[in-house]
Student: 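Take a look at this one; I'll ask things after.
Atoms within each ligand, like the ligands themselves, are counted from 1 in listed order.
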Amino acid sequence: MTVLIDSIAELREQLAQAAAEAAMNGDAGSIALVPTMGALHDGHLALVERAQELADIVVVSLFVNPLQFGRGEDLDQYPRTLDDDLRVLRDAGVPFLFAPSAAAMYPRGGSETRVTAGGVANTFEGRSRPGHFDGVLTVVTKLLNIVQPDVVLFGQKDAQQAFLVGRMIENLDLPVRQEVVETVRDDDGLALSSRNRFLSADERRAARVIPTILEAAESSADRGVDAVVAAAQSVAMGERLVELDYFAVVDPDTFAAVPDDHRGPAQVLIAARVGTTRLIDNGRVLIG
Ligand code: PAF
């Protein structure tokens with residue numbers, strides 16, 4: 001059974017009780033947190049499964065965080081499917097779903113105090129979505145303070161988010177370990193995303209070009225950075241329903257764009273508009 005909790009005080013009480021019960025059974029009572037914005041899919045379930053391997057108690061949070069949406073972004077349209085999400089988590093054997101209201105998280109209507117994510121937050125996703133990562137890091141910090149987990153799990157699909165959360169944990173010495181879980185894909189390679197449901201049938205077919213771009217990048221990696229970029233752009237140009245926002249090759253350790261003569265491991269990032277839906281994806285390549 002999954003207990004649905006919307007109050008911070010109640011969650012803390014329930015977790016203290018669960019930890020006490022774990023101790024009586026001789027378990028460490030370790031806690032894993034899977035932060036989500038709901039509209040759960042198999043990608044979230046992969047995080048849950050890994051969380052269950054890593055800790056005794058799993059908490060999934062579901063909060064569509066207004067702080068990370070800019071003006072004109074899809075905060076109001078973001079899918080809200082609480083009943084379905086609760087069912088999915090029950091089936092997966094998750095004991096706690098923490099789904100607070102905006103008023104519970106931000107009783108003053110917002111947060112005067114915020115975590116600032118630094119320079120990397122102004123690039124790629126951050127350039128298209130100013131303030132987005134400050135909003136993400138602020139809510140993640142709140143969730144970590146509320147749940148106090150031993151491990152927190154994020155998906156690799158949101159590579160820049162995972163990078164910045166990792167940096168925040170390191171920079172601020174937060175007492176938690178981050179686990180990043182591989183992207184889950186549909187049969188045709190499209191990364192699972194809560195936003196995929198907004199695609200029309202034609203757009204869904206066209207979106208297949210995104211993983212194809214990543215495949216083209218990988219297969220041209222032995223010819224250098226320029227070849228990777230050229231291959232990606234040439235594949236993207238073949239699909240008129242998809243408009244590339246950016247394609248970039250970055251150093252996984254710094255998230256900075258690599259120089260043209262870079263050799264070695266790199267991460268390729270892609271963001272594209274398919275109709276009105278914005279999708280992101282990424283992959284690892286070895287530039288030779
Ligand atoms: O990736 C998400 O769903 C959100 O950015 C997160 C981490 C739950 C913070 O609101």
Student: Out of F247, F133, Y246, which residue meets the ring pair (Phe, Tyr, Trp, His ring centres under 6.0 Å) rule with F124?
Tutor: Y246
Student: What is the closest protein heavy atom to atom 3 (O) of ligand 1, and at what distance does it sit?
Tutor: M37 CG, 3.5 Å
Student: Which atoms of ligand 1 have any heavy atom of P35 under 4.0 Å away?
Tutor: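 Listed by number with element, the hits are 8 (C).
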Student: Among protein heavy atoms, which sits nearest to atom 1 (O) of ligand 1, and what does the distance come to when rounded to 0.1 Å?
Tutor: Q161 NE2, 2.8 Å
Student: For the atom pair CG (D158) and CZ (F163), what is the distance rounded to the nearest 0.5 Å?
Tutor: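 It is 15.0 Å, given to the nearest 0.5 Å.
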Student: Could you tell me whether E243 atom CD has more than 12 heavy atoms of other residues or ligands within 6.0 Å of it?
Tutor: no
Student: Mark up the atoms of ligand 1 that fall under 4.0 Å of a heavy atom belonging to V139, in ascending order.
Tutor: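 It comes down to these atoms of ligand 1: 9 (C), 10 (O).
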Student: Looking at T36, which atoms of ligand 1 are within less than 4.0 Å of one of its heavy atoms?
Tutor: 8 (C)
Student: Please collect all side-chain hydrogen bond (donor to acceptor under 3.5 Å, both in side chains) contacts where either partner lies in residues 142-151, sequence neighbours excluded, each pair once.
Tutor: none
Student: Hey, which atoms in ligand 1 end up nearer than 4.0 Å to a heavy atom of F154?
Tutor: 7 (C)
Student: So which heavy atom in the protein is nearest atom 10 (O) of ligand 1, and how far is it from that ligand atom?
Tutor: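 Nearest protein contact, heavy atoms only, for atom 10 (O) of ligand 1 is Q68 OE1, 2.6 Å.
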Student: Could you state the interatomic distance from CG (D56) to CG (N25), rounded to the nearest 0.5 Å?
Tutor: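 It comes to 9.5 Å.
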